[in-house]
2 protein chains.
Amino acid sequence: MHKLAIYHLETLLWIARLGTFRAAAERLNTTQPAISARVREIESQLGLAIFRREGRGVVLTARGRQLVQDCEPLLAGLESALLEAGGHAGAAGVVRIAAGEIAAATCLPHFASAVRKDLPGVTLHIDLDLTARMLQNVLSGTRDIAFLAGPVASPGLRTARIGEVSLVWLASPETAAQGGLQAATPVWSIGEHSPIHRVTCESLQMAGLPVRAINTCNNVATMLGIVASGTGAALFPETMARPMMKSGALVECAPPPSSQICFEVAVRSNESDPVVLELFRRAAMFSIAG
Amino acid sequence: MHKLAIYHLETLLWIARLGTFRAAAERLNTTQPAISARVREIESQLGLAIFRREGRGVVLTARGRQLVQDCEPLLAGLESALLEAGGHAGAAGVVRIAAGEIAAATCLPHFASAVRKDLPGVTLHIDLDLTARMLQNVLSGTRDIAFLAGPVASPGLRTARIGEVSLVWLASPETAAQGGLQAATPVWSIGEHSPIHRVTCESLQMAGLPVRAINTCNNVATMLGIVASGTGAALFPETMARPMMKSGALVECAPPPSSQICFEVAVRSNESDPVVLELFRRAAMFSIAG
DNA sequence: CTGAATTAATAAGAGTTTTTTATGCATAAG
DNA sequence: CTTATGCATAAAAAACTCTTATTAATTCAG
């Protein structure tokens with residue numbers, strides 16, 4: 001009937017999602033002329049204008065939008081059927097992951113090795129980023145899945161809690177010996193919008209300590225190094241600090257707060273790619289155990 | 001994700017329906033090695049044995065059957081969406097039509113020209129055949145649509161009445177002048193299983209004539225020539241005889257029977273190809289007018 | 001049991017698509 | 001007005017799919 005392949009329609013979907021041929025080309029790991037050619041092919045095969053060239057961009061025509069809407073669930077169903085048939089062994093492609101630093105350090109090593117083992121055809125592209133940008137990228141389709149700390153909720157986003165990590169007040173052994181948290185100066189924390197920052201403030205208040213000027217650093221690993229060098233104390237996720245606690249570079253300098261940091265995975269709520277959904281499912285399930 | 005195209009899955013469906021690679025190759029207008037290659041491609045992409053090579057043929061594995069079942073409605077939906085998007089202008093491919101001789105002469109010229117006009121991409125392959133074989137071919141997937149005379153019903157078939165044609169008793173002018181039907185010898189009719197044959201017998205009985213030995217000929221056009229040459233009389237569909245009545249080669253030799261021959265179109269009831277279904281719809285609708 | 005016929009796999013070459021690379025043109029933004 | 005962005009186009013390169021022959025295995029018939 002047609003010479004149209006699945007990737008022609010997939011191309012259509014991604015142009016519709018991302019808005020431009022260029023973006024779709026990047027998402028699909030190919031070049032913009034290739035996208036142009038595919039669209040031209042579809043339009044000629046169907047005898048139908050799917051895009052209106054407007055200004056320097058393109059917009060879907062009414063019929064084009066209709067076609068995209070009709071095709072999306074069917075395409076998702078097809079890929080899902082193909083995937084299930086092969087027991088997910090045939091899953092292949094690039095999945096773009098966004099992760100916050102803490103979630104990355106805590107969850108990603110385990111997750112990545114599980115993916116490599118069970119879904120060898122799947123390649124992960126991981127970018128560390130701030131929560132706000134991550135969510136934006138996931139919503140816009142630039143990223144497929146986000147691993148992040150702290151509860152997030154947004155229309156258009158589907159999230160699943162994947163676990164918690166305890167927080168511990170740490171300082172270098174010297175600093176701790178000189179009076180613990182009470183005497184530690186300064187207190188470090190990561191940026192305003194992190195859930196750790198909130199717990200830090202709460203902890204200080206509950207300990208009857210003044211919420212002094214708090215130094216911030218947007219990178220936990222760096223902060224670990226700073227504190228270990230004897231400069232102040234900070235509240236760290238236990239998982240990230242464990243190696244330095246073991247080695248004695250850092251020691252607890254105050255009772256741990258009762259609050260924990262919770263981790264979540266997020267995908268677009270209308271995500272239809274079965275590979276992405278399968279990865280989401282696995283992330284949500286496996287991390288409970290891990 | 002995959003390099004699989006729609007036609008890969010379509011190939012799978014047709015192999016499943018027809019049972020052999022060869023038959024699928026014929027149905028899809030290609031060669032058997034091409035089918036082999038497509039299957040090999042699918043199996044390697046999915047990492048899954050879809051067919052078990054058994055003896056000199058192949059049979060679906062359990063997973064293969066599951067895949068086929070999952071894909072069929074999705075594929076049908078996709079093609080339907082594509083077709084609707086293009087306002088059916090993009091409809092293309094070969095549709096195999098089986099027709100009885102009378103239905104062919106009465107309905108097909110009109111139908112074919114309508115198809116050529118509205119769905120220029122669609123090619124018709126028409127084979128005239130006997131009713132029984134036609135139905136068998138439609139059920140087995142060798143033919144897509146059948147045009148036939150007389151009511152048929154079968155599980156697995158969907159039919160729609162498309163019109164009636166009157167029957168007339170005709171003979172050559174000489175034979176008619178010599179006493180009409182009463183004197184005409186012999187009476188001709190087409191094969192036992194035709195609805196015309198039944199009406200012929202009924203007519204003779206109601207006219208008080210003995211149901212004499214009836215000559216048969218399985219081809220109406222030929223029978224028209226025989227009767228026109230002055231040999232006996234026969235009951236003809238009015239539409240087919242009209243030209244010879246106009247030219248005076250044949251004349252009525254008895255009052256027409258009240259019974260009519262009704263025409264039907266038939267498709268497999270689980271037909272999923274949107275092009276075939278669209279043609280069926282058009283056949284059923286347009287012929288009421290025609 | 002042998003020979004003919006049917007069915008699928010394989011190999012090589014031909015032909016067609018599809019992609020890439022490079023470029024041009026139009027539009028929007030600074 | 002200049003720069004940057006986004007799509008279209010052209011030609012060459014790369015990739016893919018089909019066809020034609022041929023082989024191997026199996027079934028069926030005499």
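So you know, we letter chains A, B, ... as the sequences are listed, proteins then strands, and number each from 1.
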Whole-Å distance, B:Phe21 CZ to D:dA24 P, equals 20 Å
(request) Have a look at B:Phe51 and say if it touches a base, only the backbone sugar-phosphate, or nothing, with a 4.0 Å heavy-atom cut-off. (result) nothing
For residues A:Leu60 and A:Gln69, determine if any side-chain heavy atom of one lies less than 4.5 Å from a side-chain heavy atom of the other.
-> no
**Asked** Does the distance from a Lys or Arg side-chain N to an Asp or Glu carboxylate O, for B:Glu43 and B:Arg40, drop under 4.0 Å?
**Response** no
query = Ion pair present between B:Arg63 and B:Asp70, side-chain N to carboxylate O less than 4.0 angstrom?
reply = no
Rounded to whole Å, the CZ-P distance (A:Arg52 to D:dG6) equals 19 Å
Between CG of B:Leu18 and C1' of C:dT6 the distance, given in whole Å, is 16 Å
Could you list, one pair per line, each protein nitrogen or oxygen that sits under 3.5 Å from a nitrogen or oxygen of nucleotides 25-30 of chain C, together with the distance?
none

Review point. Is there a donor-acceptor pair under 3.5 Å between the side chain of A:Glu72 and the backbone N or O of A:Leu13?
Key: no
Rounded to whole Å, OH of A:Tyr7 lies from C1' of C:dT18 at a distance of 6 Å
The side chain to side chain contact (heavy atoms under 4.5 Å, CB included) partner of B:Ile102 among B:Leu128, B:Leu148, B:Ile190 is B:Ile190
So side chain to side chain donor-acceptor pair (under 3.5 Å) across residues 17-26 of chain B, not counting sequence neighbours, yields B:Arg17-B:Ser272
Applied to residues 41-84 of chain A, the ring-ring contact (aromatic ring centres under 6.0 Å, His included) test, sequence neighbours excluded, yields A:Phe21-A:Phe51
Looking at B:Arg53, does any N or O in its side chain come under 4.0 Å of the phosphate oxygens OP1/OP2 on C:dA9? yes
Rounded to whole Å, the CZ-C1' distance (B:Arg22 to D:dT26) equals 15 Å
Checklist entry - Between the main-chain N or O of A:Asp144 and the side-chain N or O of A:Glu271, is there a donor-acceptor pair closer than 3.5 Å? => result no
Taken to the nearest whole Å, CG/A:Leu28 to P/C:dT18 is 16 Å
To the nearest 10 degrees, the angle between the two end axes of the helix from C:dC1-D:dG30 to C:dG30-D:dC1 (five pairs per end) comes to 30°
Might you confirm whether atom CG of A:Asn218 has over 12 heavy atoms from other residues, nucleotides or ligands at distances under 6.0 Å?
no
Taken to the nearest whole Å, CG/B:Asn29 to P/D:dT17 is 19 Å
Residues 123-136 of chain B vs salt bridge (Lys or Arg N to Asp or Glu O under 4.0 Å), sequence neighbours excluded, gives B:Asp127-B:Arg143, B:Asp129-B:Arg133
**Report entry** Residues, nucleotides or ligands: over 12 heavy atoms within 6.0 Å of A:Arg53 CZ
**Finding:** yes
Within residues 31-41 of chain B, those residues having any heavy atom closer than 4.0 Å to DNA chain C are B:Gln32, B:Pro33, B:Ser36
